[in-house]
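Fair warning: this is a prediction, and the values are worked out from it, not measured in the lab.
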Amino acid sequence: QVQVVESGGGLVQAGGSLTLSCVASGRTFSRFAMGWFRQAPGKEREFVAAVNWSGGSTRYADSVKGRSTISRDNAKNTVYLQMNSLKPEDTAVYYCAAANGSPVPIPTTARRYDYWGQGTQVTVSS
């Protein structure tokens, strides 16, 4: 069983920044594409960003493009999501997920990911 654990959420003022971290284990980390999703109360879970196995390719949702950066450090089995210029609408539970085999193109749908963390709350105050 692959374990996925995300951290780094918290309360931040609008316009601020934060970095989420995610550690995956149970399989060789470099074999996974890694994605970030988020879900706000009463809303569908939505794609945020993803990175392929090597870190050479990334994808972003339009809502965060230009102010977010996803990266990975395979030596540390860790993927990061740095978010800048945060908005109240960024408030959500953020989930880290792993897709076995690092499929191409990088998946943006939740059902394509095989392993999920428990989520970390991000709250952006106005």
Side-chain angles (χ1 to χ4, degrees):
Q1 178 66 39
V2 174
Q3 296 180 347
V4 180
V5 181
E6 59 271 82
S7 62
L11 177 64
V12 62
Q13 189 175 358
S17 302
L18 86 171
T19 299
L20 306 181
S21 299
C22 172
V23 178
S25 62
R27 293 283 305 276
T28 302
F29 180 77
S30 62
R31 293 179 58 88
F32 301 135
M34 301 296 296
W36 287 96
F37 294 77
R38 67 187 183 187
Q39 188 166 24
K43 302 293 183 65
E44 298 287 334
R45 185 170 298 189
E46 65 175 353
F47 171 76
V48 178
V51 60
N52 77 333
W53 69 272
S54 69
S57 297
T58 58
R59 298 184 72 176
Y60 298 93
D62 289 341
S63 58
V64 303
K65 190 177 300 180
R67 59 189 183 95
S68 297
T69 302
I70 187 171
S71 61
R72 68 191 298 159
D73 186 341
N74 287 346
K76 297 181 179 179
N77 280 24
T78 303
V79 62
Y80 306 94
L81 179 67
Q82 182 177 6
M83 302 185 68
N84 304 316
S85 301
L86 285 162
K87 309 172 182 179
E89 48 263 49
D90 293 318
T91 296
V93 176
Y94 283 69
Y95 297 91
C96 180
N100 190 26
S102 190
V104 291
I106 307 173
T108 60
T109 57
R111 64 182 294 273
R112 190 60 188 82
Y113 287 80
D114 303 297
Y115 310 104
W116 292 81
Q118 294 297 312
T120 184
Q121 176 71 47
V122 173
T123 303
V124 183
S125 62
S126 60

Chemist: Judged by atom type as modelled, is there a donor-acceptor pair below 3.5 Å linking the side chain of Asn84 to the main-chain atoms of Ser17?
Modeler: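 Looks like no, no N/O pair under 3.5 Å.
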
Chemist: For Thr91 and Val124, indicate whether the former's side chain and the latter's backbone hold a donor-acceptor pair under 3.5 Å.
Modeler: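 Yes; judged by distance alone, with no hydrogens or angles, the pair exists.
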
Chemist: Between CD of Gln82 and OG1 of Thr19, what distance do you get to the nearest 0.5 Å?
Modeler: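 Going from CD on Gln82 over to OG1 on Thr19, the span is 4.0 Å.
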
Chemist: Is it the case that Arg72 places NZ or CZ above or below the six-membered ring of Phe29, under 6.0 angstrom from the centre and within 45 degrees of the axis?
Modeler: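 Yes; both conditions hold, so Arg72 lies above the ring face of Phe29.
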
Chemist: Compare all side-chain heavy atoms of Leu18 with those of Val122 and state whether any distance is below 4.5 angstrom.
Modeler: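 Side-chain contact under 4.5 Å: yes.
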
Chemist: Any link between Tyr95 and Leu20 through a network of hydrophobic side chains (Ile, Leu, Val, Met, Phe, Trp, Tyr) touching at under 4.5 Å?
Modeler: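 No, Tyr95 and Leu20 fall in different hydrophobic clusters.
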
Chemist: Do Gln13 and Leu11 come within less than 4.5 Å of each other through their side chains, counting heavy atoms only?
Modeler: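 Answer no - side chains too far apart.
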
Chemist: Quick check for you: to the nearest 0.5 Å, what is the distance between Trp116 atom CH2 and Arg45 atom CZ?
Modeler: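 Atom-to-atom, Trp116:CH2 and Arg45:CZ are 5.0 Å apart.
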
Chemist: Please name all residues satisfying side chain to side chain contact (heavy atoms under 4.5 Å, CB included) with Glu89, sequence neighbours left out, ordered by chain then number.
Modeler: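 Scan of Glu89 (side chain to side chain contact (heavy atoms under 4.5 Å, CB included), adjacent residues dropped) gives Lys87.
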
Chemist: Which heavy atom in Val4 sits nearest to a heavy atom in Cys22, and how many Å separate them?
Modeler: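 Where Val4 meets Cys22 most closely, the heavy atoms are CG1-SG, 3.4 Å.
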
Chemist: Mind checking the OH-CZ spacing from Tyr60 to Phe47? Nearest 0.5 Å is all I need.
Modeler: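 CZ of Phe47 is found 9.0 Å from OH of Tyr60.
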
Chemist: Aromatic rings Phe37 and Tyr113: how do their planes relate, parallel, tilted or perpendicular, breaks at 30° and 60°?
Modeler: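 Perpendicular: the ring planes of Phe37 and Tyr113 meet at over 60°.
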
Chemist: Which pair of heavy atoms, one from Ala92 and one from Ala40, lies closest together, and at what distance?
Modeler: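 Result for this residue pair: CB-N, 3.8 Å.
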
Chemist: Kindly say whether Trp53 contributes a backbone atom to a donor-acceptor pair with the side chain of Asn74 at under 3.5 angstrom?
Modeler: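 Side chain of Asn74 to backbone of Trp53: a pair is present.
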
Chemist: Which value, rounded to the nearest 0.5 Å, describes the distance between Ile70 atom CD1 and Arg59 atom CZ?
Modeler: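 So the gap between those two atoms works out to 12.0 Å.
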
Chemist: Could you give me the CA-CA distance, side-chain angles and deciding distance for Asp90 and Arg67, then say whether side chain to side chain contact (heavy atoms under 4.5 Å, CB included) is met?
Modeler: CA-CA 12 Å; Asp90 293 318; Arg67 59 189 183 95; 2.8 Å; yes

Chemist: Test: side-chain hydrogen bond (donor to acceptor under 3.5 Å, both in side chains). Region: residues 117-126. Which pairs qualify, not counting sequence neighbours?
Modeler: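 side-chain hydrogen bond (donor to acceptor under 3.5 Å, both in side chains) check on residues 117-126 returns Gln121-Thr123.
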
Chemist: So, for Tyr94 and Arg38, which heavy atoms are closest and what is the spacing to 0.1 Å?
Modeler: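 Heavy atoms of Tyr94 and Arg38 come nearest at OH-NH1, 2.8 Å.
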
Chemist: Distance from Gln39 atom CD to Glu46 atom CD, nearest 0.5 Å?
Modeler: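 It is 9.5 Å, given to the nearest 0.5 Å.
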
Chemist: Identify the two heavy atoms, one from Ser57 and one from Ile106, that lie closest to each other, and give their separation to 0.1 Å.
Modeler: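 Reported closest heavy-atom pair: O-CD1, 3.4 Å.
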
Chemist: Are Tyr80 and Val93 in one and the same hydrophobic cluster, where Ile, Leu, Val, Met, Phe, Trp and Tyr link if side-chain heavy atoms are under 4.5 Å apart?
Modeler: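 No, because Tyr80 and Val93 fall into different hydrophobic clusters, even though each may have its own neighbours under 4.5 Å.
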
Chemist: Is Phe32 close to Val79 at the side-chain level, that is, under 4.5 Å between some pair of heavy atoms?
Modeler: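 Val79 does not reach Phe32 side chain to side chain.
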
Chemist: Restricting to pairs with a member in residues 28-65, which pass disulfide (SG to SG under 2.5 Å), not counting sequence neighbours?
Modeler: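 Not a single pair qualifies under disulfide (SG to SG under 2.5 Å).
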
Chemist: Roughly how far, to the nearest 0.5 Å, is CE of Met34 from CG of Asn52?
Modeler: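 So the CG of Asn52 and the CE of Met34 are separated by 12.0 Å.
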
Chemist: Can Trp36 be reached from Val2 by stepping across I, L, V, M, F, W or Y side chains whose heavy atoms are under 4.5 Å apart?
Modeler: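 Same cluster.
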
